[in-house]
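Convention: sequence-line order gives letters A, B, ...; per-chain numbering from 1. Hydrogens, waters and symmetry mates play no part in the numbers below; they use all other heavy atoms, side chains included.
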Amino acid sequence: MAKITSVRGFRDILPEETPKWQRVEEKIRSIFYDFGIREIRIPVLEKTELFKRGIGEATDIVEKEMYTFLDRGNEYLTMRPEATACVIRAYIEHHLYEKDPIAKLFTIGPMFRRERPQKGRFRQFHQINVEFLGQEDPRIDAELMAMLMHLLGEVGIGNLKLEINSLGCDICRPAFRETAIGFLKEREDKLCADCQRRLETNPLRIFDCKNESCQETITGAPLILDFICDECRSHFEKVMEYLGLLQVPFVVNRRMVRGLDYYTRTAFEITTESLGAQNAVTGGGRYDGLVEMLGGPAISGIGFAIGFDRLIAMLPDTDGHDTKHPHVFIAALGNEAQRHAFSLCNSLRQAAVRAEMDLSGKSLKSQMKRANKLGCTHTLIIGDAELAEATAQLRNMQDGTQETVDIKDVQALKQRVTA
RNA sequence: GUGGGUGUAGCUCAGUUGGUUAGAGUGCCUGGUUGUGGCCCAGGAGGUCGAGGGUUCAAAUCCCUUCACUCACCCCA
């Protein structure tokens with residue numbers, strides 16, 4: 001039979017790698033708890049309209065990357081390409097703002113975008129999302145970023161660059177947009193082919209272009225920071241001030257823009273050298289108009305998404321099994337011994353001792369080899385003769401010491417192993 | 001969607017200007033040695049050389065097509 005493979009861009013995370021994911025997730029959850037951020041679990045499938053309205057109809061994500069299909073019943077559904085819009089949808093749908101005007105939420109899970117896969121980019125990828133709703137104070141921006149940097153540090157990642165910018169608001173952005181486009185149009189012929197196209201589709205994106213000649217032609221171009229209104233300016237300055245107070249290092253990147261339309265004011269990105277071209281580990285920002293845009297009250301928000309897969313890729317590999325915890329291998333020789341070992345194995349597991357045994361009746365040598373491979377801390381060798389006396393030899397794999405133990409007394413056995 | 005690179009054993013890879021039964025290391029299995037595992041020794045299993053077509057007496061090797069993986073562009077986390 002021909003074999004069936006996974007779908008392009010969708011990958012398996014094998015048992016050797018999952019401990020890494022679990023460790024990070026555990027750490028992150030505990031930090032979220034300390035910062036008063038509570039988990040919300042949301043569906044993977046949403047109505048297409050949610051993303052069209054939330055992310056923006058003209059964005060690449062909505063235009064060409066979403067997994068959208070017509071469901072039975074003539075309704076367009078989409079595998080979520082990002083989480084913020086979904087969290088806001090749930091926030092509005094359940095009137096969470098009625099119970100408490102302030103909400104700090106996190107969610108972890110897979111997202112789907114049909115891009116061409118490459119290093120650090122998959123069609124199913126995982127994000128850790130945090131959203132702070134109902135607070136407009138610049139301190140909340142600083143708090144969020146400080147927490148984020150702390151979290152990444154705790155997980156074991158250094159050498160990160162936090163870049164921030166302000167994108168202005170509905171009041172100041174249109175004026176900037178117009179002058180910027182005017183400036184770029186005048187120099188259209190000097191821009192690279194991609195940027196010429198962007199001029200039509202997403203002109204602000206040109207400021208992000210990595211092409212050197214483009215960077216040269218746009219020096220002296222108007223910058224959003226010179227156009228933002230007094231309120232946005234004051235907000236941005238306070239954010240920087242508070243970041244300083246919290247001792248969070250950052251640089252202002254006056255050219256940074258975001259790919260989703262809902263961002264306003266504070267925008268930030270965390271990059272690293274070690275990930276190849278896909279160097280953004282985290283992106284985020286303020287979205288003060290989104291809740292209203294999705295049919296809720298005028299409530300401000302700010303959040304970020306960590307690329308979980310990219311985060312994991314930055315961490316050193318660990319061995320698949322841990323040898324720290326007690327782990328007994330029962331090597332049984334002979335039918336009766338096997339019989340007893342099977343039952344003993346079960347009892348040990350129920351007594352919260354990790355236990356393994358071999359069921360194929362292999363030689364003692366192979367059994368020991370397997371015990372070693374599994375990283376067992378102890379081996380218990382039972383033969384039919386030992387069975388009559390209800391004792392067996394327990395060997396500590398680390399220091400080589402051995403002792404005779406009662407194999408009928410599971411609790412005593414547990415004590416010997418966990419000592 | 002556009003380009004480059006790579007597809008040979010479970011894994012990492014050799015394979016000369018086309019030339020007999022396709023190789024190594026590692027892992028797996030069996031046995032020996034060892035104080036009952038690690039080290040060492042011997043043996044064994046495992047490959048439609050990504051797939052399809054073509055050139056040739058002869059193709060893993062050359063040509064075409066296709067698929068997959070990968071890196072980069074684009075975009076983003």
Side-chain angles (χ1 to χ4, degrees), chain A residues 2-11 14 16 55 58-66 80-84 108-130 148 152 192-195 197-198 201-202 205-206 208-211 256-260 263 267-272 275-285 303-314 329 331-333 358 360 362-383 386 392-398 400-402:
Chain A
K3 56 185 161 191
I4 300 171
T5 60
S6 65
V7 176
R8 184 169 168 75
F10 289 65
R11 61 178 183 147
L14 301 174
E16 279 157 19
I55 300 172
T59 56
D60 273 25
I61 295 178
V62 172
E63 242 174 25
K64 48 193 188 194
E65 293 174 2
M66 294 203 305
R80 61 178 183 196
E82 66 112 30
T84 302
I108 300 176
M111 308 294 154
F112 307 86
R113 292 183 200 173
R114 202 182 181 292
E115 301 178 90
R116 190 95 179 246
Q118 73 184 69
K119 189 180 174 72
R121 195 173 75 188
F122 310 99
R123 289 182 173 183
Q124 174 178 333
F125 59 102
H126 303 80
Q127 285 190 341
I128 299 157
N129 277 261
V130 172
L148 174 57
L152 293 171
C192 69
D194 283 325
C195 283
R197 185 180 49 75
R198 285 186 192 124
T201 58
N202 201 349
R205 202 81 226 176
I206 293 174
D208 246 9
C209 185
K210 285 154 195 158
N211 190 315
M256 185 177 62
V257 296
R258 307 261 73 217
L260 290 76
Y263 286 113
F268 59 94
E269 202 165 286
I270 296 176
T271 55
T272 171
L275 282 179
Q278 306 304 312
N279 61 357
V281 196
T282 304
F304 63 76
I306 300 174
F308 206 163
D309 309 68
R310 293 181 187 178
L311 185 64
I312 294 294
M314 296 176 69
F329 190 95
L333 300 166
D358 171 75
S360 64
K362 285 180 182 164
S363 69
L364 180 60
K365 177 179 174 169
S366 337
Q367 293 194 42
M368 294 302 280
K369 214 171 164 185
R370 180 161 174 78
N372 194 48
K373 187 173 145 190
L374 291 172
C376 295
T377 55
H378 295 76
T379 50
L380 187 65
I381 298 164
I382 308 174
E386 284 84 359
Q393 203 177 79
L394 180 71
R395 180 175 172 132
N396 186 317
M397 298 287 270
Q398 262 103 57
T401 56
Q402 349 187 331

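Distance, A:K373 NZ to B:G38 P: 14 Å, rounded to whole Å. In this structure, NZ of A:K64 is placed 12 Å from C1' of B:C73, rounded to the nearest angstrom. Rounded to whole Å, atom P of B:U30 lies 12 Å from atom CZ of A:R370. Separating the CD atom of A:E269 from the P atom of B:C75 is a distance of 13 Å, rounded to the nearest angstrom. Per the geometry, CD belonging to A:Q278 stands 11 Å off P belonging to B:A77, to the nearest Å. Residue A:D60 contributes atom CG, which lies 11 Å from atom P of B:C74 at whole-angstrom precision. Taking atom CZ of residue A:R116 and atom P of nucleotide B:G5, one finds them 14 Å apart after rounding to whole Å. As rounded to whole Å, 16 Å separates atom C1' of B:C75 from atom CG of A:L275.
Nearest-nucleotide positions on RNA chain B for A:K362 and A:P117 put A:K362 closer to the 5' end. Comparing A:G276 and A:M368, the nucleotide of RNA chain B nearest to each residue sits closer to the 5' end for A:M368.
Comparing the same atom, C1', in B:A9 and in B:A45 gives a spacing of 11 Å after rounding to whole Å. Between B:G3 and B:C74, the distance separating the two C1' atoms is 12 Å to the nearest Å. Comparing B:A22 with B:U61, their P atoms are spaced 14 Å from each other, to the whole Å. Comparing the same atom, P, in B:C57 and in B:C41 gives a spacing of 48 Å after rounding to whole Å. Taking atom C1' on both nucleotides, B:A42 is separated from B:A59 by 36 Å, rounded to a whole Å. For B:C40 and B:G4, the C1' atoms lie 47 Å apart once the distance is rounded to whole Å. The separation of B:G50 from B:G10, taken at their P atoms, amounts to 13 Å, rounded to a whole angstrom. The separation of B:C11 from B:G27, taken at their P atoms, amounts to 15 Å, rounded to a whole angstrom.
A donor-acceptor pair is defined here as one N or O able to donate and one able to accept, closer than 3.5 Å; no such pair exists between the side chain of A:Q398 and the backbone of A:T377. Distance alone, capped at 3.5 Å, is enough to place a donor-acceptor pair between the A:R123 side chain and the A:E115 backbone. Without hydrogens or angle criteria, A:R121 side chain to A:R116 main chain gives a donor-acceptor distance under 3.5 Å.
Residue contacts shown for A:L260 are limited to sugar-phosphate atoms, with no base heavy atom under 4.0 Å away. Here A:A371 lies out of heavy-atom contact (under 4.0 Å) with every strand. A:M397 comes within contact range of at least one nucleobase, with a heavy-atom separation under 4.0 Å. When heavy atoms are screened at a 4.0 angstrom cut-off, A:E65 is found touching the sugar-phosphate backbone but no base atom. Among the protein residues, A:G120 comes within range of the nucleic acid bases, having at least one heavy atom under 4.0 Å from a base atom. Residue contacts shown for A:Q402 include a base, since a base heavy atom lies under 4.0 Å away. The residue A:R121 sits close to a base: some heavy atom pair falls under 4.0 Å. A:T5 comes within 4.0 angstrom of no nucleic acid atom, judged by non-hydrogen atoms across all strands.
The side chain of A:R258 places an N or O atom within less than 4.0 Å of a non-bridging phosphate oxygen (OP1 or OP2) of B:A77. Between A:R8 and the phosphate of B:A68, there is no side-chain N or O to OP1/OP2 separation shorter than 4.0 Å. A:S366 has no side-chain polar atom (N or O) that falls below the 4.0 Å cut-off from OP1 or OP2 of B:C29.
Residues passing the side chain to side chain contact (heavy atoms under 4.5 Å, CB included) test with A:V257 are A:L204, A:R205, A:D208, sequence neighbours excluded. Taking the side-chain hydrogen bond (donor to acceptor under 3.5 Å, both in side chains) definition, one finds that A:R11 meets it with A:D309, sequence neighbours left out. Under the ring-ring contact (aromatic ring centres under 6.0 Å, His included) criterion, A:Y263 pairs with no residue, sequence neighbours left out.
A distance of 7.5 Å separates CG in A:L333 from CD1 in A:I381, rounded to the nearest 0.5 Å. Summarising the geometry, atom OG1 belonging to A:T84 is positioned 10.5 Å from atom CZ belonging to A:F304; distances are rounded to the nearest 0.5 Å. Interatomic distance, OG1 of A:T379 versus CG of A:L374, reported as 12.0 Å (0.5 Å rounding).
In this structure, A:F308 forms no aromatic stack with the base of B:A77, since the conditions of centre separation below 5.5 Å and plane angle below 30° are not both met.
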Table of protein N/O atoms under 3.5 Å from nucleotides 10-13 of chain B N/O atoms:
none

Expected rows: protein N/O vs nucleotides 40-45 of chain B N/O, under 3.5 Å:
none

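Contact annotation: side chain of A:R395 to base of B:G37, donor-acceptor pair present below 3.5 Å. The base of B:C74 is paired with the side chain of A:Q118 by a donor and an acceptor separated by under 3.5 Å.
Among the nucleotides B:A77, B:C71, B:G37, the one closest to any side-chain atom of A:Y263 is B:A77. Closest contact between the side chain of A:A305 and the listed nucleotides B:C71, B:A77, B:C28 involves B:A77.
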Notebook entry, point to check: Given pairs defined as Watson-Crick or G-U wobble with both distances under 3.5 Å, what dot-bracket annotation applies to RNA chain B, with ( ) intrastrand, [ ] crossing, | other strand and . unpaired?
Noted result: (((((((..((((.....[...)))).(((((.......))))).....(((((..]....))))))))))))....

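A:E82 and A:R113 are not joined by a salt bridge, as no carboxylate oxygen comes within less than 4.0 angstrom of a charged side-chain nitrogen.
At least one side-chain heavy atom of A:R80 sits less than 4.5 Å from a side-chain heavy atom of A:P110. Counting heavy atoms from C-beta outward, A:N129 and A:M111 have side chains that approach closer than 4.5 Å. Counting heavy atoms from C-beta on, the side chains of A:L152 and A:L311 come closer than 4.5 Å.
The only member of A:N372, A:D358, A:L380 that meets side-chain contact (heavy atoms from CB on, under 4.5 Å) when paired with A:F329 is A:D358. Checking each of A:I128, A:V281, A:I270, A:V130 against A:L148 for a side-chain contact (heavy atoms from CB on, under 4.5 Å) leaves exactly one that passes, namely A:I270.
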